[in-house]
Student: 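First the structure, which I've put down as structure tokens, then a few questions once you've had a look.
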Amino acid sequence: MDEIKLEIYDILKGAIRAAIESGELPISDVPEIPFSPTKTPEHGDIATPVALGLAKSAKMAPRAIAEIIVKHVDCDKCPHIRDLEIAGPGFINVYLSNEWLDDTLKTIVDAQDAYGSGEIGIGKRVQIEFVSANPTGPLNIVSGRAAAVGDTLVNLLNAVGYEAIREYYVNDAGGQVERLGESIDVRYRQALGEKNLEIPEGGYQGEYLQEFAQTIAAEEGDAYLKLSQEERVELFRDKGVEHLLGQQKVSLERFRVNFDVWTSEKAIRDSGKPDEIIEMFREKDYLYEAEGATWFRMTDFGDDKDCVVIRTNGEYTYFVPDAAYHHDKFDRGFDKVIDLLGPDHQGHVTRLKNFVKALGLADDWLEVDIIQQVNLVDSDGNRRDMSKRQGQFLTLDSLIDELADAVGERFAVDVARYFFLMRANNSHLDFNLELAVTQANENPVFYIQYAHARCCSIFQQGKEQQIELKPSTEVSLALLTEAHEHELIRKLAEFPAIVLSSAEEREAHRIPHYLHELAGIFHPYYNQHRVLDASNMERTYARLILIQSVQTVLANGLRLLGISAPESM
RNA sequence: GUGCCUGUAGCUCAGUUGGAUAGAGCGUCAGCCUCCGGAGCUGAAGGUCGGGCGUUCGAGUCGCCCCAGGCACGCCA
């Protein structure tokens, strides 16, 4: 679809130029020519409203302009255009030729796994940081969504040529992991029989810490009671981080998300970079002292208040290591850095961008996208709330466990990923638990996977009848004359443009939607037209090429989403 | 109070740089299996795109003002 647009673009541009030179079109420059695939076959395959846009400057009726443009088009020059027509208020509708349909299928069959990929990002390194949950508990549902989205965005960027990596920032320093150490300490002493202890303010109530502390008590006994409270908290903090981070890694692997780089906040702090950043800020006069703390002039960057970077107790607030971390990303040579943050971090976005600006980096170097919240619901719409620190919250693992009980592990991950990916990042997501486990037509994941399995099944069936796929060059694709076939090929041709736009716009949800639409054209086609037909072998071979193409695109799309493309279900 | 996000069919949501008659799934109702997998297909009903004003050939899309909902506003991360 991209190549054809370029072809048409050149041809129309040439026609408009010719019309200007002949004096028929009283404008000075050739304008931008917008295109859109049409919504209905009645409007051809591709349409452009270019004549409408010229009406004002040319002071002519749009239809008259369109007629002049079309008159100057040399259709013989472009074998991919079958016809041009002027319609409605002055649209120019382009009908594509059978040769174009043939070429599309041949391209897909030749490219196979590579169909849909592009080269726009070649030579550019991109880093996406996502999930980055505190190592103080299991991953929650929103982290699951972020994991699915981030993982898919990396796939998409890599598909269009970028060199993209997945990175996880481990918040293993600061107050929150301190509270973790204290919480484990309490649980540990409780496990050894101590009474009247309470989890400190801001601590973690979860049962998982009780279990963890009990394990320590069972294995090590009261050995740690000999240490001072301070030493013990520090030890438990480190043990806890290691344990919980390990569990997060297990959960992520189970969810088919594999990070390339894990960066430790503690390591950043120990590296001395935060001190350098503070020094630099001080030199640039971004800092001042007040109320015993050191403040950053955030208001100079347009924010409504300044913020503390060094507390009265002398410790950095998290902004400092965070700024240092982003500077480190820059030092590592990324051309573009994307942070996916949770819904509770949106207040942080402008501040983070301001810090990056303060570091002297370009405005568009850092991109921050918010992954909105997820609500788990029943078909009735009843919500199952997730609360972060009440002890009982729904985790990514418990969600997959629940799905796996119904559809098995493999499809549980498939379904969860699909549901997390089907909505735009900034829109709230209602995750319908009942729909997710339905193994029926209403479940969009199965609908798509079933289409793929059906394609495979046709080949299986063909094999039994001694009918094999022929090379596309030996097949008469002109026999694909059904309207359904035309529609299918058109949809297949859109795939590379969908991949490109969803990578560039960071809109992973366009892929699930596209695949669902493709399956929605394939299923009726399958239902109405037989592929394997011994009485018409020439057409059978042609249709096998088409089926092969559908299968390839479905598989390629699902692979980008990290969802399996089953050969049978 | 300030900032960000959202508001499209009964429900959940798509709608690429403004383009022709605003789409899909679920739900509801009515149909289709001697035939490559019925996890499928066909059809019907269902809309003041939250409201108003503006920009222009043309607005769900852009601008401004309201209304409603969500979230964030710590010397936590």
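Computed from a predicted structure; not experimentally measured. Order of the sequence lines sets the chain letters (A, B, ...), proteins ahead of strands, with each chain counted from 1.
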Student: Tell me whether the side-chain N or O atoms of A:N93 pair up with the base of B:rA20 as donor and acceptor below 3.5 Å, since no angle test is needed here.
Tutor: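 Checked by distance alone, the answer is yes.
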
Student: Which nucleotide in the list B:rC41, B:rG15, B:rU2 gets nearest to the side chain of A:D304?
Tutor: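 From the listed options, B:rU2 comes nearest.
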
Student: May I ask which nucleotide in the shown strands pairs with B:rA30, Watson-Crick or G-U wobble, both distances under 3.5 Å?
Tutor: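 Across all strands, the one nucleotide that pairs with B:rA30 is B:rU42.
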
Student: When you compare the ring of A:F91 with the six-membered ring of B:rA20's base, are the centres less than 5.5 Å apart and the planes under 30° from each other?
Tutor: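 Stack criterion met.
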
Student: What is the separation between atom NZ on A:K305 and atom P on B:rG1, rounded to the nearest whole Å?
Tutor: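 Computing the A:K305:NZ to B:rG1:P distance gives 16 Å.
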
Student: Suppose you measure atom C1' in B:rU17 against the same atom in B:rG38; what distance do you get, rounded to whole Å?
Tutor: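 It works out to 42 Å between them.
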
Student: Look at the side chain of A:N426 and decide which nucleotide, out of B:rG15, B:rA77, B:rC5, has an atom nearest to it.
Tutor: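 Closest nucleotide to the A:N426 side chain: B:rC5.
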
Student: Quick one: is A:R311 getting a side-chain N or O under 4.0 Å of the B:rA77 phosphate, OP1 or OP2?
Tutor: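 So the side-chain polar atoms of A:R311 do come within 4.0 Å of the phosphate oxygens OP1 or OP2 of B:rA77, strictly under.
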
Student: Short question: side chain of A:R543, backbone of A:R530 - any donor-acceptor pair under 3.5 Å?
Tutor: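 Judged by distance alone, yes, a pair lies under 3.5 Å.
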
Student: Can you tell me the distance, in whole Å, between the CZ atom of A:F431 and the C1' atom of B:rC11?
Tutor: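 Spelled out: CZ on A:F431 to C1' on B:rC11 is 17 Å.
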
Student: Within the structure shown, what part of the strands sits under 4.0 Å from A:A55 by heavy-atom distance: base, sugar-phosphate, or nothing?
Tutor: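 Counting heavy atoms under 4.0 Å across all strands, no contact is made by A:A55.
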
Student: When we call it a touch if two heavy atoms are under 4.0 Å apart, what does A:S568 touch: a base, just sugar-phosphate, or nothing?
Tutor: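 Result for A:S568 = base.
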
Student: In whole angstrom, what separates A:F522's CZ from B:rA24's P?
Tutor: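 Atom CZ in A:F522 sits about 20 Å away from atom P in B:rA24.
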
Student: Measure from the side chain of A:L52, starting at C-beta and using heavy atoms only, and say which of B:rU16, B:rG19, B:rA14 lies closest.
Tutor: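 Ranking B:rU16, B:rG19, B:rA14 by closest atom to the A:L52 side chain puts B:rG19 first.
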
Student: Measure CD/A:E494 against P/B:rA14 and give the value in whole Å, please.
Tutor: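 So the two atoms are 19 Å apart, to the nearest Å.
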
Student: Starting at the 5' end of RNA chain B and moving along, which residue's nearest nucleotide shows up first, A:I92 or A:K56?
Tutor: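 So the residue in question is A:I92.
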
Student: Do the charged groups of A:E265 and A:R269 touch, with an N to O distance under 4.0 Å?
Tutor: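 The answer is yes: the pair qualifies as a salt bridge.
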
Student: B:rA20 base stacked by A:H43? Criteria: ring centres under 5.5 Å, plane angle under 30°.
Tutor: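 The base of B:rA20 is stacked with A:H43 (centres under 5.5 Å, planes under 30°).
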
Student: Say you pick atom P in B:rU61 and the same atom in B:rG50; how far apart are they, in whole Å?
Tutor: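 Per the computed distance, 8 Å lies between those P atoms.
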
Student: Would you mind calling B:rC33 syn or anti? Take O4'-C1'-N9-C4 for purines or O4'-C1'-N1-C2 for pyrimidines, and syn is within 90° of 0.
Tutor: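 Syn, angle within 90° of zero.
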
Student: State which of B:rG37, B:rC41, B:rA77 makes the closest approach to the side chain of A:H345.
Tutor: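 Of the options given, the side chain of A:H345 lies nearest B:rA77.
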
Student: Mind calculating the distance between CG (A:L54) and C1' (B:rG18) to the nearest angstrom?
Tutor: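 It is 16 Å, rounded to the nearest whole Å.
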
Student: So which heavy atom on A:L156 is nearest to which on A:A508, and how close?
Tutor: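 Heavy atoms of A:L156 and A:A508 come nearest at CD1-CA, 4.1 Å.
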
Student: To the side chain of A:D430, which of B:rC57, B:rC13, B:rA20 is closest?
Tutor: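 Selected nucleotide (nearest to the side chain): B:rC13.
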
Student: Given the P atoms of B:rG27 and B:rU48, what is the spacing between them in whole Å?
Tutor: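 Rounded to whole Å, the distance is 24 Å.
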
Student: What interatomic distance, in whole Å, is found between C1' of B:rC62 and the corresponding atom of B:rU16?
Tutor: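 The same atom, C1', in both gives a distance of 16 Å.
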
Student: Does A:H43 have its ring centroid less than 6.0 Å away from the ring centroid of A:F91?
Tutor: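 For A:H43 and A:F91, the ring centres are not under 6.0 Å apart.
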
Student: Using the C1' atom in both, what is the distance from B:rA22 to B:rC13, to the nearest Å?
Tutor: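 About 14 Å, rounded to a whole number of Å.
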
Student: Contact class for A:F35 (heavy atom, under 4.0 Å): base, sugar-phosphate, or nothing?
Tutor: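 Answer is base: heavy atoms of A:F35 come under 4.0 Å of a base.
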
Student: Have a look at A:H452 and say if it touches a base, only the backbone sugar-phosphate, or nothing, with a 4.0 Å heavy-atom cut-off.
Tutor: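 Here A:H452 touches no strand at all.
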
Student: Taking the side chain of A:S457 as its heavy atoms from C-beta onward, which of B:rA77, B:rC36, B:rG37 lies nearest to it?
Tutor: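 In terms of side-chain proximity for A:S457, the closest of B:rA77, B:rC36, B:rG37 is B:rG37.
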
Student: Taking only the side-chain heavy atoms of A:Q346 (C-beta and beyond), determine which of B:rG70, B:rU21, B:rG19 contains the nearest atom.
Tutor: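 Among the listed nucleotides, the one closest to the side chain of A:Q346 is B:rG70.
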
Student: For the pair made of OH in A:Y325 and C1' in B:rA77, what is the distance, rounded to whole Å?
Tutor: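 Computing the A:Y325:OH to B:rA77:C1' distance gives 14 Å.
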
Student: Has the side chain of A:T312 got a donor or acceptor atom sitting under 3.5 Å from an opposite partner on the base of B:rC75?
Tutor: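 Such a pair exists between side chain and base.
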
Student: With rounding to the closest Å, how many angstrom separate the C1' atoms on B:rA68 and B:rG23?
Tutor: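 Comparing C1' positions in B:rA68 and B:rG23 gives a spacing of 25 Å.
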
Student: Below 6.0 angstrom between ring centroids: does that apply to A:F319 and A:F296?
Tutor: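 For A:F319 and A:F296, the ring centres are not under 6.0 Å apart.
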
Student: Scan A:Q460 against the nucleic acid and name what it touches under 4.0 Å (heavy atoms): base, sugar-phosphate only, or nothing.
Tutor: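 Answer is nothing: A:Q460 stays at 4.0 Å or more from every strand.
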
Student: When we call it a touch if two heavy atoms are under 4.0 Å apart, what does A:E42 touch: a base, just sugar-phosphate, or nothing?
Tutor: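 Base: the residue A:E42, judged by heavy atoms under 4.0 Å, touches a nucleobase.
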
Student: Roughly how many Å apart are B:rG7 and B:rG52, using the C1' atom of each and rounding to a whole number?
Tutor: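 The same atom, C1', in both gives a distance of 16 Å.
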
Student: Rounding to a whole Å, what distance do you find between A:K39:NZ and B:rG18:P?
Tutor: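 My rounded result for the distance is 14 Å.
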
Student: Both distances under 3.5 Å, Watson-Crick or G-U wobble: report the partner of B:rG63, or none.
Tutor: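 Matched B:rG63 with B:rC53 under the 3.5 Å cut-off.
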
Student: I need the CG-P distance between A:D306 and B:rU2, as an integer number of Å.
Tutor: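 My rounded result for the distance is 20 Å.
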
Student: Provide the distance between the two P atoms, one in B:rG51 and one in B:rG60, to the nearest whole Å.
Tutor: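 Result for the P pair: 11 Å, nearest Å.
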
Student: Using modelled atom types only, decide if a donor and an acceptor are shared between the side chain of A:D414 and the backbone of A:I563 within a distance under 3.5 Å.
Tutor: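 A pair under 3.5 Å: no.
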
Student: What is the ring orientation for A:H513 with A:H509, classed by angle as parallel under 30°, tilted 30 to 60°, or perpendicular over 60°?
Tutor: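 Ring orientation of A:H513 relative to A:H509: perpendicular.
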
Student: Going by the angle between their ring planes, with limits at 30° and 60°, are A:W295 and A:Y288 parallel, tilted or perpendicular?
Tutor: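 Because their plane-to-plane angle is under 30°, the rings of A:W295 and A:Y288 count as parallel.
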
Student: Over 60° means perpendicular and under 30° means parallel, so classify the ring planes of A:H348 and A:Y318, tilted if in between.
Tutor: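 If you compare the ring of A:Y318 with that of A:H348, the planes turn out tilted.
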
Student: Under 4.0 Å between any heavy atoms, over every strand shown, what does A:P343 touch: base, sugar-phosphate, or nothing? Just pick one.
Tutor: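 A:P343: backbone/sugar contact only, no base atoms under 4.0 Å.
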
Student: Whether the side chain of A:S36 and the base of B:rG19 hold a donor-acceptor pair under 3.5 Å is what I'd like checked.
Tutor: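 Answer is no: no donor-acceptor pair is held.
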
Student: May I ask which nucleotide in the shown strands pairs with B:rC71, Watson-Crick or G-U wobble, both distances under 3.5 Å?
Tutor: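 For B:rC71, the partner nucleotide comes out as B:rG3, under the 3.5 Å rule.
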
Student: By nearest atom, which of the nucleotides B:rU56, B:rG15, B:rC75 is closest to the A:W295 side chain?
Tutor: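 Within the option list, the nearest is B:rC75.
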
Student: Using a cut-off of 4.0 Å on non-hydrogen atoms, how would the nucleic acid contact of A:A451 be classed: base, sugar-phosphate, or nothing?
Tutor: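 Nothing: the residue A:A451, judged by heavy atoms under 4.0 Å, touches no strand.
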
Student: How about A:H326 and A:Y169: are their ring centroids closer than 6.0 Å?
Tutor: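 So the answer is no for these two rings.
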
Student: Suppose we call a contact any N or O donor and acceptor under 3.5 Å apart; does that hold for the side chain of A:Y450 and the base of B:rA39?
Tutor: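 In this structure, the two groups form no donor-acceptor pair.
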
Student: Looking at B:rC76, does its base get a donor-acceptor pair with the side chain of A:Q176 below 3.5 Å?
Tutor: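 Under the 3.5 Å cut-off, the side chain and the base do form a donor-acceptor pair.
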
Student: Tell me what A:H509 touches on the nucleic acid: a base, only sugar-phosphate, or nothing, going by heavy atoms under 4.0 Å.
Tutor: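 Sugar-phosphate only.
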
Student: Of the options B:rA39, B:rC41, B:rG70, whose atoms approach the side-chain atoms of A:N527 most closely?
Tutor: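 Out of B:rA39, B:rC41, B:rG70, the nucleotide with an atom closest to A:N527's side chain is B:rC41.
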
Student: Of the listed nucleotides (B:rG70, B:rU42, B:rU12), which one gets closest to any side-chain atom of A:R423?
Tutor: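 So the side chain of A:R423 is nearest to B:rU12.
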
